[in-house]
Structure formats: structure tokens, C-alpha cells
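What follows is one structure encoded as C-alpha cells, with my remarks underneath.
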Protein chains: 2
Amino acid sequence: MRVRDFSRPTTLNPDRLFGQVAQKLAVAIISGDIGAGALLPNEDDLRADISVSRTAYREAVKILTAKGLVEARPKSGTRAAPRERWNLLDTDVLAWHFEADPNEKFIRDLFELRRFVEPSVARLAAQRRTAADIARIEAALRAMTDNPPYSDPCVRGDLAFHEAIFAASQNAPLQCLASAVIATLQWSLVLKKGDDEAFADSLPDHENILLAIIDRDGDLAAVRMTGLVIDSLNTTLASVNVVQGEPDKIARINHTK
Amino acid sequence: MRVRDFSRPTTLNPDRLFGQVAQKLAVAIISGDIGAGALLPNEDDLRADISVSRTAYREAVKILTAKGLVEARPKSGTRAAPRERWNLLDTDVLAWHFEADPNEKFIRDLFELRRFVEPSVARLAAQRRTAADIARIEAALRAMTDNPPYSDPCVRGDLAFHEAIFAASQNAPLQCLASAVIATLQWSLVLKKGDDEAFADSLPDHENILLAIIDRDGDLAAVRMTGLVIDSLNTTLASVNVVQGEPDKIARINHTK
DNA sequence: CTCCGGGTATCGTATGACTTTATCGCAGAC
DNA sequence: GTCTGCGATAAAGTCATACGATACCCGGAG
């Protein structure tokens, strides 16, 4: 999956060697291949999987440590951490999740998060938005309407639309949730791809949210955002169920260049 | 500040050398001493501040990279990242924040997050709680009532109360927000310390939330949680304003062993 | 003044040795 | 037979060094 392309630039460079190692280990952990047991011994991994120096390996482990995926203890070894320790809202962890384990429960949970957070954010945005915020949201919306559904610029616009609303909320900690929402959105757009009707239905919803924000009507913006999220969840789940009947398509989704 | 003691175990070991370096750099960045410019050159830091090998330094940088605090670009240098790139919901980043820059705006933002998230979480908890969840919440509440206000076990109980409600929500991504809420709570408890009246007032609120969850009354739990958060914000801000009039007390808070 | 090319600084990677720490097991004492 | 404690041991942590790659700076040539 190269969905990541659309998201905000991830801090950890996938070109570099340690980034690749980190990703490989992360996916192995998240997918359950490693599951809370001791990691492959340093030496073994070095020699067996791919020839990589201890330096690169250790830096990869440090990254995973920082994101809560592993716990390194001096004598007992470096073990995969239990899931409740993962930093599930981290952009990279989410991206790795989607490469490893796109199960329905996780998507439901993420949508639940969206359903709780995004309406409140929309309310704040309506109360605090500046002219610049409006312009940014409008530009994103135009990108959605002026391009074919599910085309790259259109998807980019959809993501930018939601991100711009987060930005307009003027709340830094809240904005950190934008990356989680965007990751959810990306995934759902990949799943829904081809359902042009669902996309067309969502366009006026987006527009109406913008209008409410322009009017500084926080309550209305929140209500409309709630509707949008719920609709999105429903169409996404419908697509998931369709996809789950076609393992071929799942494979295609997971390995799209 | 050693507030961290009460929170869930941070993944990055502060005993280790790289952990100390990471913390030192992080605080320097968050406090604004470094502010989006190039980091101190590798060599300089190595020799000047404290004798530390390149390995430890690099691993510290990797941790900060993983948390979005710095961006290392192949040849142009390692720079402090702009604030919107920071992972503000990360437990460590929050802890570092409170050591570096306890400004009122940030506290307001975090309480805003609580105000949006915790009621929804309480609603979910009421709908999904198991008997074990109830027992856990009750135990936490008992720790609050059976110990003197603001004593360690009492504070621990307060944090555990909120964390247990998150756990009862059965939503993994949502539970990641618990650490942010707990960090906020810790900070506000430190600020409010001594205001026994505020504490006494909050006890029945906590109890009523538990009752609503026991009754599986989601709406009521949400409403009561909203009230609790708002009250907590008000008393905290009152304390902040008192403290801000006494720079001496601020210093004491920041350097409490 | 502009453009080009080489030097330099800095990150990334590799390697080997030594230190620290915590676990486990064995030996000795009660 | 059980408990205690000390040492062997294994793994992570730290250090020093070296080399490669490349973006950036600066100086010289046109």
C-alpha cells in the first residue's frame, strides 16, 4: 500500500535503511507474527533476514520503542509490547496497521473516534475560523468537485478538507488527531473506491459543512459533520463486506503499488 | 517535575543514557530554546554538554524523530520540527511539555480535548462495561475517598478512575487518548493541590458517574462527565491564576523533586 | 553578475570491543 | 529439603572509529 503518499510527511524516512527495518518489524508485530514474545535475537535477524548492521537495527528498534511497539530490557531481551501499549494514534503506527491488519473491528473503532471528535472539531472551527481557514477549506472542496471521484487530486482534496477543519479549530493537541482521522479516511476511500454514488452523495454534505462553518454556526456544523461521518462509516462497511467476499480484491488493495 | 511517576510506564527508559539525552533535547525544543533551527552540531553537543558517544546521541535523535520533534534530512542537518508536527498526544511528549512549558493556553487546549472526548468515552463505558470494569472503577474511587486529598494514593486513584473508564469503552484507539487525559489530570492536580474544597466537591461527581455507568445509562454518564471536566477546568484555571501571581510558587512546582 | 565545480560538513551505515545490568542456576548453609 | 547468595551468562547499552554518500557553500571562471 502506498496510501501514505497523501498523508502529511511521515517523520521517519522510508528510504533509509533503518526505516525499512523499522517498518518490517512493525508490520510483523502488528500483524501478530511476533505477538508479545521475544524478538528475533539480534544476531539471527542480522544474518538471517537481510544483512543489516547492528547500528541500523538498533535505531529501528529505538523508533519502535518510541512508538510503544516494543520494550527492550537489558538482560531479558527486546520483546514486542502488548497492544494496549501501542501508540495507535501515531501516523506511522496507523500506516503500518493498514499494511498489516485491516480488520473490521479496527476500522469501526477508528470511525467511532471520528464520530466523537470530528463534530466537536467542526463546532470549534465554526466558532474560530478565520478567512484564511475558509479559503483553505474551499480550495479543498473544489479539488473534490473538479476532479473525477477517487482520483488522486480528489482524494487529496477530501483529506485536505478534513485537515483544514482541524486546523481551523486552533487547538494543537486536537490537531494531532487529524492524522488519525486522515488515515481512517484514506483507508475508507481505498475501500469505497468505485462507489461513485456514495461519493456523489457525500459532496453536498461536505458543502453544507463548509456553509455552516462560514456562518459560524457551530451546532449546525457539528450536526452535519456527525451525519457525514455516519454515512461514511456505513458505505465503508458495506464496501468492506463486499471486499471480504472477494479475497482477490483484498490482495489487490494490500499490494497496490 | 516527577509527576510522571503516576502515569503508565513510559516506554523510553529515563535511566538509560540515550533517554536522558532525548529528554534534554526534547525539553530544549519544546521550551523554545531551539525553535525550528538546526540542532547543535553533533560534535559540539558531544563535547560541550556532557561526554556522550555518537551512538547514544543518534539513538536519542531517533526517538525524537519518531515522536515528530525533529526532522533529520540526509545532508542538510537535523532540525527541530515546527510544533504542528509534534506528536502532542504522546505520553513522553506530554511529560516533556510539562517540564518545559506549562502555559495556560496549552492547559486550556488539553481540557478542551478532555471535554470532547471523556463524555463520549463515559457513554461507551456505560454501554459496554463488564462487571470487572465496574470493580476497577470502584476500587479507584475507594482509593480517592479513603485517602487524604492530593496524597499519592488518592491521586493515583483519581487517575485510575479515568483510565478505567477509558478501558471500559472497549475501543483501542480511544484508549490511547487516556494517556493524554491522565497527563492533563496529573498536571491539574498538581496545580490544584491544597484546594481541599474543590476536591471534596468533585467526589460526589465521580460517584455519580460510576452510578450512571453501573445503570448503563450512557447519556447520563456523558452529561455528568461533562460537568466534572468543566468544574475541573475552572478550579484548575483558578489555581493557575493564583500561581501566576506568585512566580515563587511556579518555580516550586517546576522543581519539586 | 551568473554559472559551474570542487571542497566540506553532516548524516547514514558498518564494525568491533567493552560496560552495564538483570536473570538464572549452582553451591553452600541452615 | 529449602532457602540464601554469589557468580556465570546473555543481552542491551555504550564507545570509538572508519567510510560512503550527498546536499550545501564558496570560490573561481566565463
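Every chain is numbered from 1 and lettered A, B, ... according to where its sequence line falls, protein lines coming before strand lines.
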Original post:
D:dT14 phosphate, OP1 or OP2: any side-chain N/O from B:Ser53 under 4.0 angstrom?
Top reply: no

Original post:
Would you say the side chains of A:Gln23 and A:Glu99 form a donor-acceptor pair under 3.5 Å?
Top reply: yes

Expected rows: protein N/O vs nucleotides 16-23 of chain C N/O, under 3.5 Å:
residue, atom, partner, partner atom, Å
C:dA17, N6, A:Arg54, NH2, 3.2

**OP:** Write down the distance between CG (A:Leu17) and P (D:dA21), rounded to a whole number of angstrom.
**Re:** 14 Å

Subject >> d(OH, B:Tyr57; P, D:dA16) in whole Å >> reply: 16 Å

**OP:** Can you run down the side chain to side chain donor-acceptor pair (under 3.5 Å) pairs that involve residues 128-142 of chain B, sequence neighbours left out, and say none if there aren't any?
**Re:** A:Glu112-B:Arg128, B:Thr130-B:Asp133

**OP:** Could you state the atom-to-atom distance from CD of A:Glu71 to P of D:dA11 in whole Å?
**Re:** 18 Å

Original post:
Is A:Glu71 salt-bridged to A:Arg79, going by a charged N under 4.0 Å from an acidic O?
Top reply: no

Subject >> B:Val52, nearest nucleotide to its side chain (from C:dT13, D:dC15, D:dG13) >> reply: D:dC15

Original post:
What integer distance in Å separates A:Arg58:CZ from C:dG12:P?
Top reply: 16 Å

**OP:** Kindly point out which of D:dG13, C:dG12, C:dT15 is positioned nearest to the side chain of A:Ala72?
**Re:** D:dG13

**OP:** Kindly compute the distance separating CZ (B:Arg83) from CG (B:Leu69), expressed to the nearest 0.5 Å.
**Re:** 11.0 Å

Subject >> Those residues that, when tested against B:Asn87, pass side chain to side chain donor-acceptor pair (under 3.5 Å) (two or more places apart) >> reply: A:Asp90

Original post:
Has the side chain of A:Thr55 got a donor or acceptor atom sitting under 3.5 Å from an opposite partner on the base of C:dA14?
Top reply: yes

Original post:
Can the positive tip of B:Lys192 be found less than 6.0 Å from the middle of the six-membered ring of B:Tyr150, inside 45° of the ring normal?
Top reply: no

Subject >> Distance, rounded to the nearest Å, where A:Lys62 contributes NZ and D:dA11 contributes P >> reply: 16 Å

